[in-house]
**Q** 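Have a look at this one.
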Protein chains: 2
Amino acid sequence: MGGSCDEASQNRKTSWKKNPEAVKENILTIATEEFAAQGLSGANINEIAKRTATSKRMIYYYFGDKEGLYQHVLERVYSSLRETEQALNVSDLEPVAALRRLTEATFDSHVNNPHFIRLVMIENIHNAEYVKKSEIIPKLNKAIIEKLADVCERGKASGVLREDADPLELHWMTSSASFYNVSNMATFSTSFGNSLYTKEGQKRMRQRVVDMVLGAVVVGYQPPPVS
Amino acid sequence: MGGSCDEASQNRKTSWKKNPEAVKENILTIATEEFAAQGLSGANINEIAKRTATSKRMIYYYFGDKEGLYQHVLERVYSSLRETEQALNVSDLEPVAALRRLTEATFDSHVNNPHFIRLVMIENIHNAEYVKKSEIIPKLNKAIIEKLADVCERGKASGVLREDADPLELHWMTSSASFYNVSNMATFSTSFGNSLYTKEGQKRMRQRVVDMVLGAVVVGYQPPPVS
DNA sequence: TGACAAATTAACCACGAGGTACATAAGTGA
DNA sequence: TCACTTATGTACCTCGTGGTTAATTTGTCA
(Lines give C-alpha, C1' and ligand atoms only; values in the text may rest on other atoms or scores of the structure.)
Protein backbone atom coordinates (compact mmCIF):
# COMPACT_ATOMS: atom_id res chain seq x y z
CA MET A 1 0.00 0.00 0.00
CA GLY A 2 1.17 3.54 -0.44
CA GLY A 3 3.77 3.33 2.28
CA SER A 4 6.31 6.08 2.46
CA CYS A 5 9.28 3.94 3.42
CA ASP A 6 8.78 0.31 4.19
CA GLU A 7 10.65 -0.04 7.43
CA ALA A 8 7.92 -2.48 8.35
CA SER A 9 9.18 -5.01 5.84
CA GLN A 10 12.61 -5.25 7.39
CA ASN A 11 10.99 -5.13 10.78
CA ARG A 12 11.83 -7.88 13.22
CA LYS A 13 9.79 -10.38 15.16
CA THR A 14 6.01 -10.11 15.40
CA SER A 15 5.65 -8.17 12.19
CA TRP A 16 3.78 -10.68 10.13
CA LYS A 17 1.13 -8.15 9.17
CA LYS A 18 1.02 -6.77 5.70
CA ASN A 19 1.44 -3.07 6.26
CA PRO A 20 -1.07 -1.87 8.81
CA GLU A 21 0.97 0.99 10.16
CA ALA A 22 1.54 2.58 6.79
CA VAL A 23 -2.12 2.16 5.91
CA LYS A 24 -3.21 3.75 9.17
CA GLU A 25 -0.76 6.61 8.71
CA ASN A 26 -1.94 7.16 5.18
CA ILE A 27 -5.57 7.26 6.27
CA LEU A 28 -4.82 9.64 9.14
CA THR A 29 -2.87 12.00 6.93
CA ILE A 30 -5.64 12.32 4.39
CA ALA A 31 -8.34 12.41 7.05
CA THR A 32 -6.53 15.22 8.84
CA GLU A 33 -6.64 17.32 5.71
CA GLU A 34 -10.28 16.57 5.05
CA PHE A 35 -11.51 17.12 8.60
CA ALA A 36 -9.47 20.30 8.89
CA ALA A 37 -10.89 21.55 5.62
CA GLN A 38 -14.51 20.48 5.98
CA GLY A 39 -15.23 19.86 9.63
CA LEU A 40 -16.62 16.73 11.20
CA SER A 41 -19.99 16.64 9.49
CA GLY A 42 -18.64 18.30 6.36
CA ALA A 43 -15.93 15.74 5.70
CA ASN A 44 -16.94 12.85 3.51
CA ILE A 45 -15.74 9.33 4.21
CA ASN A 46 -16.04 8.32 0.58
CA GLU A 47 -13.94 11.28 -0.40
CA ILE A 48 -11.32 10.49 2.22
CA ALA A 49 -11.23 6.87 1.07
CA LYS A 50 -10.84 7.90 -2.54
CA ARG A 51 -7.83 10.04 -1.68
CA THR A 52 -6.09 7.36 0.34
CA ALA A 53 -4.09 4.54 -1.17
CA THR A 54 -6.52 2.10 0.43
CA SER A 55 -10.26 1.56 0.61
CA LYS A 56 -13.14 2.80 2.68
CA ARG A 57 -13.44 -0.56 4.36
CA MET A 58 -10.03 -0.10 5.95
CA ILE A 59 -11.08 3.13 7.56
CA TYR A 60 -13.85 1.31 9.34
CA TYR A 61 -11.57 -1.65 10.02
CA TYR A 62 -9.06 0.48 11.87
CA PHE A 63 -11.09 3.35 13.25
CA GLY A 64 -14.57 1.95 13.71
CA ASP A 65 -16.58 4.87 12.46
CA LYS A 66 -16.33 8.49 11.38
CA GLU A 67 -16.11 9.79 14.92
CA GLY A 68 -13.40 7.31 15.80
CA LEU A 69 -11.39 8.50 12.84
CA TYR A 70 -11.92 12.11 13.83
CA GLN A 71 -10.85 11.37 17.40
CA HIS A 72 -7.60 9.81 16.20
CA VAL A 73 -6.95 12.70 13.85
CA LEU A 74 -7.47 15.16 16.67
CA GLU A 75 -5.17 13.39 19.09
CA ARG A 76 -2.50 12.98 16.46
CA VAL A 77 -2.41 16.66 15.56
CA TYR A 78 -2.43 17.71 19.21
CA SER A 79 0.47 15.40 19.96
CA SER A 80 2.43 16.66 17.02
CA LEU A 81 2.15 20.32 17.99
CA ARG A 82 2.86 19.76 21.65
CA GLU A 83 5.94 17.71 20.81
CA THR A 84 7.27 20.61 18.80
CA GLU A 85 6.63 22.98 21.66
CA GLN A 86 8.21 20.64 24.14
CA ALA A 87 11.40 20.51 22.09
CA LEU A 88 12.05 24.15 22.90
CA ASN A 89 14.28 24.65 25.89
CA VAL A 90 14.37 28.07 27.54
CA SER A 91 15.55 27.16 31.01
CA ASP A 92 19.01 28.61 30.36
CA LEU A 93 17.67 31.96 29.18
CA GLU A 94 17.04 34.82 31.56
CA PRO A 95 13.31 35.24 32.27
CA VAL A 96 12.48 38.08 29.88
CA ALA A 97 14.40 36.51 27.03
CA ALA A 98 12.78 33.17 27.82
CA LEU A 99 9.34 34.69 27.74
CA ARG A 100 10.07 36.44 24.48
CA ARG A 101 11.32 33.20 23.03
CA LEU A 102 8.28 31.21 24.19
CA THR A 103 5.91 33.80 22.81
CA GLU A 104 7.64 33.88 19.46
CA ALA A 105 7.69 30.10 19.33
CA THR A 106 3.98 29.90 20.10
CA PHE A 107 3.21 32.47 17.44
CA ASP A 108 5.28 30.58 14.90
CA SER A 109 4.02 27.13 15.75
CA HIS A 110 0.46 28.30 15.24
CA VAL A 111 1.33 29.79 11.87
CA ASN A 112 3.02 26.54 10.91
CA ASN A 113 0.18 24.26 11.97
CA PRO A 114 -2.99 25.41 10.26
CA HIS A 115 -4.49 21.93 10.49
CA PHE A 116 -4.17 22.01 14.24
CA ILE A 117 -5.82 25.41 14.37
CA ARG A 118 -8.72 24.35 12.23
CA LEU A 119 -9.30 21.15 14.15
CA VAL A 120 -9.31 23.05 17.43
CA MET A 121 -11.82 25.48 15.93
CA ILE A 122 -13.95 22.54 14.93
CA GLU A 123 -13.60 21.07 18.38
CA ASN A 124 -14.84 24.30 19.91
CA ILE A 125 -17.83 24.24 17.61
CA HIS A 126 -18.49 20.83 19.11
CA ASN A 127 -17.94 22.16 22.64
CA ALA A 128 -14.70 20.22 22.96
CA GLU A 129 -16.64 16.97 23.05
CA TYR A 130 -13.81 14.88 21.62
CA VAL A 131 -11.04 16.61 23.51
CA LYS A 132 -12.96 15.76 26.65
CA LYS A 133 -13.21 12.15 25.59
CA SER A 134 -9.50 11.91 24.94
CA GLU A 135 -7.24 10.16 27.40
CA ILE A 136 -4.06 11.70 26.08
CA ILE A 137 -4.77 15.33 25.23
CA PRO A 138 -5.08 16.63 28.80
CA LYS A 139 -1.63 15.30 29.60
CA LEU A 140 -0.06 17.14 26.68
CA ASN A 141 -1.01 20.55 27.98
CA LYS A 142 0.85 20.40 31.25
CA ALA A 143 4.28 20.98 29.73
CA ILE A 144 3.72 24.45 28.35
CA ILE A 145 2.24 25.70 31.60
CA GLU A 146 5.13 24.26 33.59
CA LYS A 147 7.59 26.07 31.37
CA LEU A 148 5.79 29.35 31.88
CA ALA A 149 5.53 28.72 35.61
CA ASP A 150 9.29 28.26 35.80
CA VAL A 151 9.88 31.50 33.93
CA CYS A 152 7.45 33.35 36.17
CA GLU A 153 9.08 32.04 39.29
CA ARG A 154 12.57 33.00 38.18
CA GLY A 155 11.35 36.37 36.94
CA LYS A 156 9.66 37.25 40.18
CA ALA A 157 12.66 36.12 42.18
CA SER A 158 14.97 38.42 40.25
CA GLY A 159 12.41 41.21 40.27
CA VAL A 160 12.09 41.62 36.51
CA LEU A 161 8.54 40.24 36.41
CA ARG A 162 5.56 41.70 38.20
CA GLU A 163 4.29 39.87 41.24
CA ASP A 164 0.92 39.30 39.59
CA ALA A 165 2.40 37.49 36.59
CA ASP A 166 0.53 34.23 36.16
CA PRO A 167 1.56 31.32 33.90
CA LEU A 168 -1.98 30.40 32.91
CA GLU A 169 -2.88 33.98 32.07
CA LEU A 170 0.33 34.31 30.10
CA HIS A 171 -0.53 31.24 28.11
CA TRP A 172 -4.00 32.58 27.48
CA MET A 173 -2.64 35.89 26.23
CA THR A 174 -0.05 34.32 23.98
CA SER A 175 -2.44 31.73 22.65
CA SER A 176 -5.25 34.14 22.00
CA ALA A 177 -3.19 36.31 19.70
CA SER A 178 -1.38 33.43 18.04
CA PHE A 179 -4.52 31.41 17.53
CA TYR A 180 -6.68 34.24 16.26
CA ASN A 181 -3.94 35.27 13.89
CA VAL A 182 -4.43 32.03 11.99
CA SER A 183 -8.00 31.07 12.79
CA ASN A 184 -9.59 34.34 11.72
CA MET A 185 -7.32 35.24 8.87
CA ALA A 186 -10.03 34.59 6.29
CA THR A 187 -12.73 36.83 7.76
CA PHE A 188 -10.28 39.44 8.98
CA SER A 189 -8.56 39.96 5.67
CA THR A 190 -11.87 39.86 3.85
CA SER A 191 -13.22 42.60 6.08
CA PHE A 192 -10.15 44.75 6.54
CA GLY A 193 -7.76 43.92 3.73
CA ASN A 194 -4.75 41.70 4.01
CA SER A 195 -2.19 44.28 5.09
CA LEU A 196 -1.59 42.42 8.36
CA TYR A 197 -1.18 39.16 6.49
CA THR A 198 1.61 40.09 4.15
CA LYS A 199 5.08 38.89 5.03
CA GLU A 200 5.90 42.28 6.55
CA GLY A 201 2.54 42.56 8.26
CA GLN A 202 3.02 39.23 9.97
CA LYS A 203 6.50 40.13 11.08
CA ARG A 204 5.09 43.30 12.63
CA MET A 205 2.22 41.50 14.34
CA ARG A 206 4.59 38.91 15.75
CA GLN A 207 6.56 41.74 17.30
CA ARG A 208 3.37 43.35 18.56
CA VAL A 209 2.30 40.15 20.27
CA VAL A 210 5.64 39.84 22.01
CA ASP A 211 5.37 43.44 23.14
CA MET A 212 1.86 42.92 24.42
CA VAL A 213 2.82 39.90 26.45
CA LEU A 214 6.00 41.40 27.84
CA GLY A 215 4.23 44.68 28.49
CA ALA A 216 1.73 42.86 30.63
CA VAL A 217 4.20 41.21 33.00
CA VAL A 218 7.66 42.78 32.71
CA VAL A 219 8.29 45.55 35.22
CA GLY A 220 8.62 48.87 33.43
CA TYR A 221 8.68 47.32 29.98
CA GLN A 222 9.08 49.76 27.12
CA PRO A 223 8.24 48.27 23.73
CA PRO A 224 10.67 49.29 21.00
CA PRO A 225 9.25 51.39 18.15
CA VAL A 226 7.66 49.21 15.46
CA SER A 227 8.37 50.20 11.87
CA MET B 1 -45.71 32.28 12.63
CA GLY B 2 -46.57 34.15 15.79
CA GLY B 3 -42.90 34.55 16.39
CA SER B 4 -43.08 36.82 19.38
CA CYS B 5 -46.46 37.07 21.04
CA ASP B 6 -49.45 36.39 18.86
CA GLU B 7 -52.45 35.19 20.75
CA ALA B 8 -53.91 33.02 18.02
CA SER B 9 -51.18 30.48 17.55
CA GLN B 10 -52.79 27.14 18.28
CA ASN B 11 -55.40 27.48 15.61
CA ARG B 12 -53.06 28.12 12.75
CA LYS B 13 -53.60 24.71 11.25
CA THR B 14 -57.18 25.44 10.39
CA SER B 15 -57.05 29.18 10.00
CA TRP B 16 -53.65 30.75 9.73
CA LYS B 17 -52.89 34.37 9.18
CA LYS B 18 -50.51 35.82 6.65
CA ASN B 19 -47.50 37.22 8.41
CA PRO B 20 -44.43 37.08 6.19
CA GLU B 21 -42.13 39.21 8.33
CA ALA B 22 -42.84 37.33 11.51
CA VAL B 23 -42.39 34.02 9.73
CA LYS B 24 -39.06 35.12 8.29
CA GLU B 25 -37.91 36.40 11.66
CA ASN B 26 -38.94 33.19 13.36
CA ILE B 27 -37.07 31.09 10.83
CA LEU B 28 -33.95 33.23 11.10
CA THR B 29 -33.96 33.11 14.87
CA ILE B 30 -34.15 29.34 14.99
CA ALA B 31 -31.74 28.92 12.09
CA THR B 32 -29.20 31.17 13.82
CA GLU B 33 -29.24 28.91 16.83
CA GLU B 34 -28.95 25.76 14.77
CA PHE B 35 -26.21 26.98 12.45
CA ALA B 36 -24.27 28.43 15.37
CA ALA B 37 -24.58 25.16 17.23
CA GLN B 38 -24.00 22.70 14.39
CA GLY B 39 -22.28 24.50 11.57
CA LEU B 40 -23.38 24.73 7.96
CA SER B 41 -23.24 21.07 7.06
CA GLY B 42 -24.09 19.97 10.59
CA ALA B 43 -27.34 21.89 10.82
CA ASN B 44 -30.43 20.05 9.71
CA ILE B 45 -33.19 21.76 7.76
CA ASN B 46 -35.80 19.34 9.00
CA GLU B 47 -34.73 20.04 12.54
CA ILE B 48 -34.83 23.79 11.99
CA ALA B 49 -38.27 23.50 10.44
CA LYS B 50 -39.53 21.41 13.32
CA ARG B 51 -38.42 24.05 15.81
CA THR B 52 -40.04 26.94 13.96
CA ALA B 53 -43.70 27.77 14.14
CA THR B 54 -43.92 27.20 10.40
CA SER B 55 -42.97 24.50 7.93
CA LYS B 56 -39.92 23.47 5.94
CA ARG B 57 -41.65 24.64 2.82
CA MET B 58 -41.50 28.24 4.05
CA ILE B 59 -37.77 28.08 4.55
CA TYR B 60 -37.33 27.24 0.90
CA TYR B 61 -39.99 29.73 -0.07
CA TYR B 62 -38.18 32.63 1.55
CA PHE B 63 -34.54 31.64 1.44
CA GLY B 64 -34.19 29.37 -1.55
CA ASP B 65 -31.93 26.75 -0.13
CA LYS B 66 -29.80 25.88 2.86
CA GLU B 67 -26.95 28.13 1.81
CA GLY B 68 -29.31 31.03 1.23
CA LEU B 69 -30.64 30.60 4.74
CA TYR B 70 -27.14 30.46 6.14
CA GLN B 71 -26.15 33.60 4.25
CA HIS B 72 -29.10 35.51 5.71
CA VAL B 73 -28.34 34.24 9.19
CA LEU B 74 -24.74 35.36 8.86
CA GLU B 75 -25.59 38.84 7.65
CA ARG B 76 -28.21 39.29 10.30
CA VAL B 77 -25.88 38.43 13.16
CA TYR B 78 -23.10 40.60 11.76
CA SER B 79 -25.46 43.55 11.46
CA SER B 80 -26.72 43.09 14.96
CA LEU B 81 -23.28 43.11 16.56
CA ARG B 82 -21.99 46.02 14.54
CA GLU B 83 -25.06 48.06 15.39
CA THR B 84 -24.36 47.52 19.06
CA GLU B 85 -20.76 48.60 18.59
CA GLN B 86 -21.79 51.62 16.60
CA ALA B 87 -24.06 52.80 19.37
CA LEU B 88 -21.04 53.43 21.55
CA ASN B 89 -19.80 57.00 21.40
CA VAL B 90 -16.32 57.75 22.66
CA SER B 91 -15.54 60.94 20.78
CA ASP B 92 -15.92 63.03 23.91
CA LEU B 93 -13.53 60.94 25.97
CA GLU B 94 -9.83 61.66 26.09
CA PRO B 95 -7.86 59.19 23.95
CA VAL B 96 -6.67 56.76 26.61
CA ALA B 97 -10.08 56.62 28.26
CA ALA B 98 -11.67 56.21 24.85
CA LEU B 99 -9.38 53.35 23.98
CA ARG B 100 -10.04 51.69 27.31
CA ARG B 101 -13.74 52.05 26.76
CA LEU B 102 -13.63 50.66 23.23
CA THR B 103 -11.57 47.71 24.35
CA GLU B 104 -13.89 46.91 27.20
CA ALA B 105 -16.90 47.25 24.93
CA THR B 106 -15.38 44.89 22.37
CA PHE B 107 -14.57 42.38 25.07
CA ASP B 108 -18.10 42.57 26.42
CA SER B 109 -19.87 42.48 23.09
CA HIS B 110 -18.05 39.29 22.19
CA VAL B 111 -19.00 37.70 25.48
CA ASN B 112 -22.60 38.72 24.89
CA ASN B 113 -22.84 37.42 21.34
CA PRO B 114 -21.79 33.79 21.32
CA HIS B 115 -23.85 33.11 18.19
CA PHE B 116 -21.86 35.71 16.32
CA ILE B 117 -18.62 34.18 17.48
CA ARG B 118 -19.60 30.70 16.46
CA LEU B 119 -20.83 31.78 13.06
CA VAL B 120 -17.61 33.65 12.40
CA MET B 121 -15.69 30.53 13.43
CA ILE B 122 -17.77 28.55 10.98
CA GLU B 123 -17.17 31.12 8.31
CA ASN B 124 -13.44 30.83 8.82
CA ILE B 125 -13.71 27.07 8.46
CA HIS B 126 -15.30 27.85 5.11
CA ASN B 127 -12.57 30.35 4.27
CA ALA B 128 -14.99 33.25 4.62
CA GLU B 129 -16.80 32.14 1.49
CA TYR B 130 -20.15 33.61 2.49
CA VAL B 131 -18.73 36.77 4.02
CA LYS B 132 -17.06 37.36 0.68
CA LYS B 133 -20.33 36.85 -1.14
CA SER B 134 -22.13 39.34 1.10
CA GLU B 135 -22.91 42.80 -0.16
CA ILE B 136 -23.49 44.28 3.25
CA ILE B 137 -20.91 42.82 5.62
CA PRO B 138 -17.89 44.70 4.26
CA LYS B 139 -19.64 48.00 4.85
CA LEU B 140 -20.32 47.18 8.48
CA ASN B 141 -16.68 46.92 9.39
CA LYS B 142 -15.66 50.45 8.48
CA ALA B 143 -17.19 52.07 11.54
CA ILE B 144 -15.06 50.41 14.19
CA ILE B 145 -11.84 51.20 12.34
CA GLU B 146 -12.85 54.82 11.89
CA LYS B 147 -13.49 55.15 15.59
CA LEU B 148 -10.08 53.76 16.41
CA ALA B 149 -8.47 55.98 13.78
CA ASP B 150 -9.99 59.02 15.41
CA VAL B 151 -8.69 57.98 18.82
CA CYS B 152 -5.22 57.33 17.39
CA GLU B 153 -5.11 60.70 15.71
CA ARG B 154 -6.15 62.57 18.82
CA GLY B 155 -3.82 60.51 20.97
CA LYS B 156 -0.81 61.16 18.80
CA ALA B 157 -1.62 64.84 18.58
CA SER B 158 -1.67 65.17 22.34
CA GLY B 159 1.37 62.93 22.71
CA VAL B 160 -0.24 60.28 24.90
CA LEU B 161 -0.16 57.62 22.18
CA ARG B 162 2.94 56.31 20.49
CA GLU B 163 3.60 57.44 16.94
CA ASP B 164 3.41 53.86 15.68
CA ALA B 165 -0.10 53.29 17.04
CA ASP B 166 -2.23 51.91 14.23
CA PRO B 167 -6.03 51.56 14.21
CA LEU B 168 -6.08 48.31 12.29
CA GLU B 169 -3.47 46.73 14.52
CA LEU B 170 -5.36 47.93 17.55
CA HIS B 171 -8.52 46.33 16.28
CA TRP B 172 -6.63 43.11 15.61
CA MET B 173 -5.22 43.05 19.14
CA THR B 174 -8.52 43.79 20.79
CA SER B 175 -10.42 41.36 18.62
CA SER B 176 -7.96 38.55 19.00
CA ALA B 177 -8.22 38.48 22.76
CA SER B 178 -11.94 39.13 22.85
CA PHE B 179 -12.72 36.58 20.19
CA TYR B 180 -10.49 33.83 21.52
CA ASN B 181 -11.90 34.35 24.97
CA VAL B 182 -15.25 33.11 23.72
CA SER B 183 -14.35 30.95 20.76
CA ASN B 184 -11.86 28.73 22.56
CA MET B 185 -13.48 28.60 25.95
CA ALA B 186 -14.44 24.94 25.52
CA THR B 187 -11.01 23.57 24.65
CA PHE B 188 -9.16 25.97 26.93
CA SER B 189 -11.13 25.17 30.04
CA THR B 190 -11.07 21.48 29.21
CA SER B 191 -7.30 21.57 28.97
CA PHE B 192 -6.44 24.02 31.71
CA GLY B 193 -9.39 24.16 34.03
CA ASN B 194 -11.99 26.89 34.11
CA SER B 195 -10.29 29.29 36.50
CA LEU B 196 -10.16 31.98 33.83
CA TYR B 197 -13.83 31.44 33.05
CA THR B 198 -15.30 32.02 36.45
CA LYS B 199 -16.92 35.38 37.07
CA GLU B 200 -13.78 36.63 38.79
CA GLY B 201 -11.50 35.08 36.18
CA GLN B 202 -13.31 36.87 33.39
CA LYS B 203 -13.19 40.16 35.22
CA ARG B 204 -9.44 39.72 35.58
CA MET B 205 -8.94 38.77 31.94
CA ARG B 206 -10.97 41.74 30.81
CA GLN B 207 -8.61 43.94 32.76
CA ARG B 208 -5.61 42.11 31.34
CA VAL B 209 -6.81 42.68 27.82
CA VAL B 210 -7.23 46.39 28.43
CA ASP B 211 -3.75 46.53 29.91
CA MET B 212 -2.27 44.68 26.98
CA VAL B 213 -3.84 47.00 24.47
CA LEU B 214 -3.02 50.17 26.34
CA GLY B 215 0.47 48.90 27.09
CA ALA B 216 1.06 48.48 23.38
CA VAL B 217 0.23 52.04 22.36
CA VAL B 218 0.13 54.37 25.37
CA VAL B 219 3.42 56.14 26.03
CA GLY B 220 4.89 54.92 29.32
CA TYR B 221 1.81 52.96 30.31
CA GLN B 222 2.03 51.22 33.66
CA PRO B 223 -0.67 48.61 34.18
CA PRO B 224 -2.17 48.69 37.66
CA PRO B 225 -1.61 45.57 39.77
CA VAL B 226 -4.19 42.88 39.07
CA SER B 227 -5.56 41.02 42.06
C1' DT C 1 2.30 -27.99 3.93
C1' DG C 2 -2.13 -26.58 5.93
C1' DA C 3 -4.67 -24.37 9.68
C1' DC C 4 -5.58 -20.05 11.22
C1' DA C 5 -5.71 -15.13 11.82
C1' DA C 6 -4.87 -10.62 10.18
C1' DA C 7 -5.41 -7.52 6.25
C1' DT C 8 -7.91 -6.10 2.33
C1' DT C 9 -11.37 -5.69 -1.58
C1' DA C 10 -15.64 -4.85 -3.96
C1' DA C 11 -20.35 -4.81 -4.01
C1' DC C 12 -24.10 -3.62 -1.51
C1' DC C 13 -27.68 -1.39 1.66
C1' DA C 14 -30.70 1.65 4.55
C1' DC C 15 -32.13 5.91 5.46
C1' DG C 16 -31.78 10.58 6.48
C1' DA C 17 -31.68 15.02 4.66
C1' DG C 18 -32.05 18.45 1.03
C1' DG C 19 -35.25 19.77 -1.98
C1' DT C 20 -39.98 19.77 -4.77
C1' DA C 21 -45.05 19.19 -6.49
C1' DC C 22 -49.26 20.28 -5.68
C1' DA C 23 -53.21 21.71 -3.49
C1' DT C 24 -55.30 25.39 -0.99
C1' DA C 25 -56.22 29.13 2.30
C1' DA C 26 -55.58 34.19 3.03
C1' DG C 27 -55.58 38.60 1.36
C1' DT C 28 -56.48 42.42 -2.40
C1' DG C 29 -58.85 45.06 -5.55
C1' DA C 30 -62.61 45.71 -9.21
C1' DT D 1 -68.38 38.21 -5.68
C1' DC D 2 -64.70 36.76 -8.41
C1' DA D 3 -60.23 36.74 -10.28
C1' DC D 4 -55.59 36.97 -9.04
C1' DT D 5 -51.39 37.03 -6.24
C1' DT D 6 -49.13 35.83 -2.03
C1' DA D 7 -48.45 32.71 1.62
C1' DT D 8 -48.75 28.22 3.67
C1' DG D 9 -49.24 23.09 4.71
C1' DT D 10 -48.82 18.06 3.31
C1' DA D 11 -46.91 14.62 1.08
C1' DC D 12 -43.50 13.08 -1.60
C1' DC D 13 -39.04 12.02 -4.08
C1' DT D 14 -34.09 11.24 -4.91
C1' DC D 15 -29.61 10.54 -4.00
C1' DG D 16 -25.59 10.99 -1.30
C1' DT D 17 -23.34 9.16 2.58
C1' DG D 18 -22.23 6.48 6.62
C1' DG D 19 -21.84 1.95 7.35
C1' DT D 20 -21.91 -3.41 6.33
C1' DT D 21 -21.64 -8.24 4.36
C1' DA D 22 -19.23 -11.64 2.54
C1' DA D 23 -15.63 -13.33 0.17
C1' DT D 24 -10.33 -13.20 -0.82
C1' DT D 25 -5.64 -12.58 -0.22
C1' DT D 26 -1.48 -12.37 2.69
C1' DG D 27 1.35 -13.86 6.14
C1' DT D 28 2.77 -16.83 10.54
C1' DC D 29 3.89 -20.86 12.70
C1' DA D 30 2.96 -25.82 14.10
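A note on names: the letters A, B, ... follow the listed sequences, proteins ahead of strands, and every chain is numbered from 1. Atom set for the values below is all heavy atoms of this structure, side chains included, hydrogens, waters and symmetry mates excluded.
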**Q** Start with the C-alpha gap between B:K132 and B:E129, add the side-chain angles, then the distance that decides, and say whether salt bridge (charged side-chain N to carboxylate O under 4.0 Å, His left out) holds.
**A** CA-CA 5 Å; B:K132 280 180 190 151; B:E129 181 181 342; over 6 Å; no

**Q** What class does the angle between the rings of B:H171 and A:F188 fall in, given that below 30° is parallel, 30 to 60° is tilted and above 60° is perpendicular?
**A** parallel

**Q** Would you say A:S55 reaches C:dT9's phosphate, i.e. side-chain N/O to OP1/OP2 under 4.0 Å?
**A** yes

**Q** Mind calculating the distance between CD1 (B:I48) and P (C:dG19) to the nearest angstrom?
**A** 11 Å

**Q** Atom CZ of B:R57 to atom C1' of D:dA7: distance rounded to whole Å?
**A** 9 Å

**Q** Can a donor-acceptor pair be found between the side chains of B:E67 and B:Y130 at a distance below 3.5 Å?
**A** yes

**Q** Tabulated below should be each protein N or O lying under 3.5 Å from an N or O of nucleotides 14-18 of chain C; please produce it.
**A**
| residue | atom | partner | partner atom | Å |
| --- | --- | --- | --- | --- |
| C:dA17 | OP1 | B:N44 | ND2 | 3.2 |
| C:dA17 | OP2 | B:N44 | ND2 | 3.1 |
| C:dA17 | O5' | B:N44 | ND2 | 2.8 |
| C:dG18 | OP1 | B:A43 | O | 3.2 |
| C:dG18 | OP1 | B:K66 | NZ | 2.9 |
| C:dG18 | OP2 | B:N44 | OD1 | 3.3 |
| C:dG18 | OP2 | B:I45 | N | 2.8 |

**Q** For B:T54 and D:dG9, is the shortest distance between a side-chain N/O and OP1 or OP2 below 4.0 Å?
**A** yes

**Q** Nearest whole angstrom, please: distance from the C1' of C:dA6 to the NZ of A:K24.
**A** 12 Å

**Q** Just to confirm, is there a sub-4.0 Å distance from OP1 or OP2 of C:dT8 to any side-chain nitrogen or oxygen of A:Y62?
**A** yes

**Q** Could you tell me whether A:F63 contacts a base, only the sugar-phosphate backbone, or nothing, with contacts defined as non-hydrogen atoms closer than 4.0 Å?
**A** nothing

**Q** Could you state the atom-to-atom distance from CD1 of B:I27 to C1' of D:dT8 in whole Å?
**A** 11 Å

**Q** Let me know the distance between CG of A:N26 and P of C:dA7, rounded to the nearest Å.
**A** 16 Å

**Q** Can you tell me how far the CD atom of B:Q202 sits from the CG atom of B:L196, to the nearest 0.5 Å?
**A** 8.0 Å

**Q** For the rings on B:Y180 and A:Y180, is their centre-to-centre separation under 6.0 Å?
**A** no

**Q** With a 4.5 Å cut-off on side-chain heavy atoms, are B:L140 and B:S79 touching?
**A** yes

**Q** Could you check which of C:dT8, D:dT21, D:dT8 has an atom nearest any side-chain atom of A:Y61?
**A** C:dT8

**Q** Taking atom P of C:dG19 as reference, at what distance in whole Å does atom CE of B:M58 sit?
**A** 17 Å

**Q** For B:K203, what residues pass the salt bridge (charged side-chain N to carboxylate O under 4.0 Å, His left out) criterion, not counting sequence neighbours?
**A** none

